[in-house]
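What follows is a single structure, written as structure tokens, with notes after it.
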Amino acid sequence: MKTTAISITALFFLIFNAFVQQPDYAQLKTEAETQYAQGSYARANETYARVDKSKLNADELRWVEFRLADTSWRAQSATQTADTTKYEQAQKQLEELIKAADKPEDRDLVWAEAHESLGDLFWVRQGGMNWALAWQHYQPALDWWAGQ
């Protein structure tokens, strides 16, 4: 009986300890958005990567997926590496987020932000400066924000 009580107490302690050490989404999002606002894209990416996606609702999950793609290419842009893999992966992920909202009524902030991110990817990153491709993404984002 004494062993059972000790075992149960130890189990509750371990569960409580694991719960306390797991930062919640709101805390991680605030931290990541602060890092993003400061231009620390690699840190914001690392923070968003720590989010437990299985506990998020659909809207929050879309936001995290968007920020992971967005901060990935922005962090890569700050380096001098010639490898374009992260740019290509981010572009594909951002395009998938846009395609998920085919109908106008499905378009939301993530859709507009993904368009803006793709516009920046084609325009402001090193080796970018492709206004024609950038404008194809800036215009829908601007139209969406104008309608809000």
Side-chain angles (χ1 to χ4, degrees), residues 8 10-148:
I8 291 172
L11 178 64
F12 281 121
F13 176 75
L14 291 173
I15 291 171
F16 177 76
N17 192 28
F19 179 75
V20 170
Q21 288 181 352
Q22 179 76 22
D24 67 341
Y25 171 67
Q27 179 184 3
L28 287 173
K29 182 179 180 183
T30 300
E31 180 182 339
E33 290 300 317
T34 300
Q35 294 163 338
Y36 186 91
Q38 295 170 345
S40 299
Y41 303 118
R43 286 189 177 149
N45 186 277
E46 291 169 4
T47 303
Y48 272 116
R50 293 188 349 234
V51 171
D52 182 0
K53 294 180 190 177
S54 68
K55 296 180 180 179
L56 300 179
N57 66 38
D59 292 338
E60 293 169 338
L61 180 60
R62 278 178 43 85
W63 181 259
V64 170
E65 289 174 348
F66 158 68
R67 271 301 195 222
L68 285 169
D70 181 62
T71 56
S72 173
W73 81 257
R74 290 184 191 277
Q76 181 72 9
S77 184
T79 69
Q80 297 297 320
T81 207
D83 184 9
T84 61
T85 305
K86 286 191 178 185
Y87 295 126
E88 293 163 1
Q89 289 172 343
Q91 180 181 347
K92 181 180 177 190
Q93 292 166 336
L94 292 167
E95 288 171 347
E96 287 173 6
L97 286 168
I98 290 169
K99 287 177 187 173
D102 281 342
K103 295 181 250 173
E105 61 269 12
D106 293 337
R107 296 176 182 164
D108 58 1
L109 177 63
V110 172
W111 180 87
E113 291 279 353
H115 267 297
E116 181 186 9
S117 181
L118 279 170
D120 288 349
L121 177 68
F122 292 124
W123 182 245
V124 300
R125 76 174 169 104
Q126 279 185 319
M129 304 296 288
N130 187 335
W131 180 249
L133 282 176
W135 183 246
Q136 291 176 18
H137 294 286
Y138 286 143
Q139 186 174 17
L142 290 169
D143 288 344
W144 184 85
W145 280 309
Q148 293 304 302

Hey, can you tell me if Trp131 and Tyr138 have their rings parallel, tilted or perpendicular (30° and 60° cut-offs)?
tilted
Could you tell me whether the side chains of Gln89 and Gln93 share a donor-acceptor contact shorter than 3.5 Å?
no
Shortest non-hydrogen contact from Glu60 toward Asn57
N-OD1, 2.8 Å
Taking the side chain as every heavy atom from C-beta outward, state whether Tyr41 and Gln76 have any atom pair closer than 4.5 Å.
no
Rounded at 0.5 Å granularity, tell me how far NE2 in His115 sits from CD in Gln136.
10.0 Å
Does any non-hydrogen side-chain atom of Leu118 lie less than 4.5 Å from one of Ile98?
yes
Taking Thr34 for its side chain and Thr30 for its backbone only, find out whether a donor-acceptor pair lies under 3.5 Å.
yes
Passing option when Tyr48 is tested against Gln35, Glu65, Arg43, Glu33 for side chain to side chain donor-acceptor pair (under 3.5 Å)
Glu33
Can you tell me how far CG of Leu109 sits from CZ of Phe66, rounded to the nearest 0.5 angstrom?
8.0 Å
To the nearest 0.5 Å, tell me how far Leu61 CG sits from Tyr25 OH.
9.0 Å
Atom pair OG1/NZ of Thr47 and Lys29 - distance to nearest 0.5 Å:
13.5 Å
Are the charged groups of Arg62 and Asp59 less than 4.0 angstrom apart, N to O?
no
When every non-hydrogen atom of Ala134 is compared with those of Gly119, the smallest separation belongs to CB-O, 3.3 Å
Return the minimal non-hydrogen interatomic distance between Ala69 and Ala90, and the atom names on each side.
O-CB, 3.4 Å
Inter-residue atom distance Ser117.OG - His137.NE2, 0.5 Å rounding:
10.0 Å
May I ask you to test the Leu142-Trp135 pair for a side-chain heavy-atom distance under 4.5 Å?
yes
Less than 4.5 Å apart, side chain to side chain, heavy atoms only: is that true for Lys53 and Leu68?
yes
Give the C-alpha distance, both sets of side-chain angles, the deciding distance and a yes or no for side chain to side chain contact (heavy atoms under 4.5 Å, CB included) between Leu121 and Gln91.
CA-CA 8 Å; Leu121 177 68; Gln91 180 181 347; 3.7 Å; yes
Looking only at side chains, do Thr81 and Asp83 share a donor and an acceptor under 3.5 Å apart?
no
Under 4.0 Å between a Lys/Arg side-chain N and an Asp/Glu carboxylate O for Asp120 and Arg74?
yes
Measure across Tyr87 and Ser77 and return the closest heavy-atom pair with its distance rounded to 0.1 Å.
OH-CA, 3.1 Å
Can you name the nearest heavy-atom pair linking Ala141 to Ala112, along with the distance?
CB-O, 3.5 Å
Would you say Trp63 and Leu56 make side-chain contact, with heavy atoms under 4.5 Å?
no
Any chance you could measure Glu46, atom CD, to Glu31, atom CD, to the nearest 0.5 Å?
10.0 Å
